[in-house]
Asker: 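I am attaching a structure below and will ask some questions about it afterwards.
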2 protein chains.
Amino acid sequence: MKKIKVKCWVEDEGEKFYGPGPNELLKRIQEEGSLSRAASKMEMSYKKAWELVQRLNQHTEEPLVILKKGGQHGGGAEVTPQGLEIMREFENLQIKIDELVDQQTDLIKVLK
Amino acid sequence: MKKIKVKCWVEDEGEKFYGPGPNELLKRIQEEGSLSRAASKMEMSYKKAWELVQRLNQHTEEPLVILKKGGQHGGGAEVTPQGLEIMREFENLQIKIDELVDQQTDLIKVLK
DNA sequence: TAGCGATATATACGTTTATACATAACGCTT
DNA sequence: AAGCGTTATGTATAAACGTATATATCGCTA
């Protein structure tokens, strides 16, 4: 069974910085309120998740995620309104691309 | 400067087998008539190119590339009509996706 | 002020992936 | 029969990447 797959992401000055991985991480952070829990839930190492957040925040004027250390619960992670908006727009784009691809049957027909 | 990028490919039983890399390789083979020259022109090792051709031909009923060894010019490589058709359809798909993505400005607007 | 849970950071390790290199096999040409 | 250029194939090396592990830091709580 052959299937067309598509992946989209955003690059800044040639460096990729927002794609499916970061998008899932933001969603998990929103659910968990913690970067370490978000990372382990999606089977990503904490280090990679942390570096990812750094890169995300470097490439935007307003941070997408705010990390806090110490305090009542030892710290935590939070997705900013800007982060939520980007998640929304990115998922919209993905849906539109998926819809287009679902209509494209010619390539699959050729591949017997 | 932020930019949306898209990559599409075809999977067969979960294994990816046709994408931008194979597509370029087929184009080069068509131009060069030789797998080794095609590979070096696109800075791919011969071994990887050869393995790629094996995988391509394994996943289709009719081969996409025919390799010949020995003979007048030592051998050669040729893209079959099926291969040409797949190249055509794949590039059509890429163009449609690119057109759709060019229209999607919302995500880029959010990313300041 | 000791403890807790989370972020912050470096180092070492293992896995995957691609390349470089060497060599064999093939079949036409001369 | 020797030579040529290409495909065919294995081995060793290197580069990239992700993970595991360990330790430090922070700030509220009790």
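Below, chain A is the first sequence line, B the second, and so on; all start at residue 1. Hydrogens, waters and symmetry mates are skipped; everything else that's a heavy atom, side chains included, is used.
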Asker: Hey, does the Lys NZ or Arg CZ of K7(B) hover above the aromatic six-ring of W9(B), less than 6.0 Å from the centre and inside 45° of the axis?
Answerer: yes
Asker: With a 4.0 Å cut-off, would you call E32(A) and K41(A) a salt bridge?
Answerer: yes
Asker: Quick one: which of Q58(B), R55(B), H59(B) gives a side-chain hydrogen bond (donor to acceptor under 3.5 Å, both in side chains) with D12(B)?
Answerer: H59(B)
Asker: In this structure, how many angstroms lie between the P atom of dT6(D) and the CD atom of E32(B), rounded?
Answerer: 10 Å
Asker: Please determine whether side chain to side chain donor-acceptor pair (under 3.5 Å) holds for the pair Q82(A) and T80(A), giving the CA-CA distance in whole Å, both sets of side-chain angles, and the decisive distance to 0.1 Å.
Answerer: CA-CA 5 Å; Q82(A) 290 83 358; T80(A) 66; 3.3 Å; yes
Asker: Reading nucleotides 14-19 of chain D from the 5' end, what letters show protein touch, with B for base, S for backbone sugar-phosphate only, - for no heavy atom under 4.0 Å?
Answerer: ----SS
Asker: How many whole angstroms separate atom CG of L52(B) from atom C1' of dT19(C)?
Answerer: 15 Å
Asker: Whole angstrom is fine here: how far is it from OH in Y46(A) over to C1' in dT23(D)?
Answerer: 13 Å
Asker: Examine Y18(A) and I66(A) and state if one hydrophobic cluster contains both, with Ile, Leu, Val, Met, Phe, Trp and Tyr joined whenever side-chain heavy atoms are less than 4.5 Å apart.
Answerer: no
Asker: Using 4.0 Å as the upper bound for N to carboxylate O, is an ion pair formed by E91(B) and K27(B)?
Answerer: yes
Asker: Within the structure, does a side-chain N or O atom of W50(B) lie under 4.0 Å from either OP1 or OP2 of dA8(D)?
Answerer: yes
Asker: dA18(C) C1' sits how many Å from M42(B) CE, rounded?
Answerer: 13 Å
Asker: Testing the basics here: between A49(A) and A39(A), what is the closest heavy-atom pair and its distance to 0.1 Å?
Answerer: CB-CB, 3.7 Å
Asker: So does E78(B) pair up with K68(B), basic N to acidic O under 4.0 Å?
Answerer: yes
Asker: Whole Å only: how far is the CD atom of E51(B) from the P atom of dA18(C)?
Answerer: 9 Å
Asker: Expected output is a numbered-order residue list: members of residues 63-75 of chain A with a heavy atom under 4.0 Å from any atom of DNA chain D. What is it?
Answerer: K69(A), G70(A), G71(A), Q72(A)
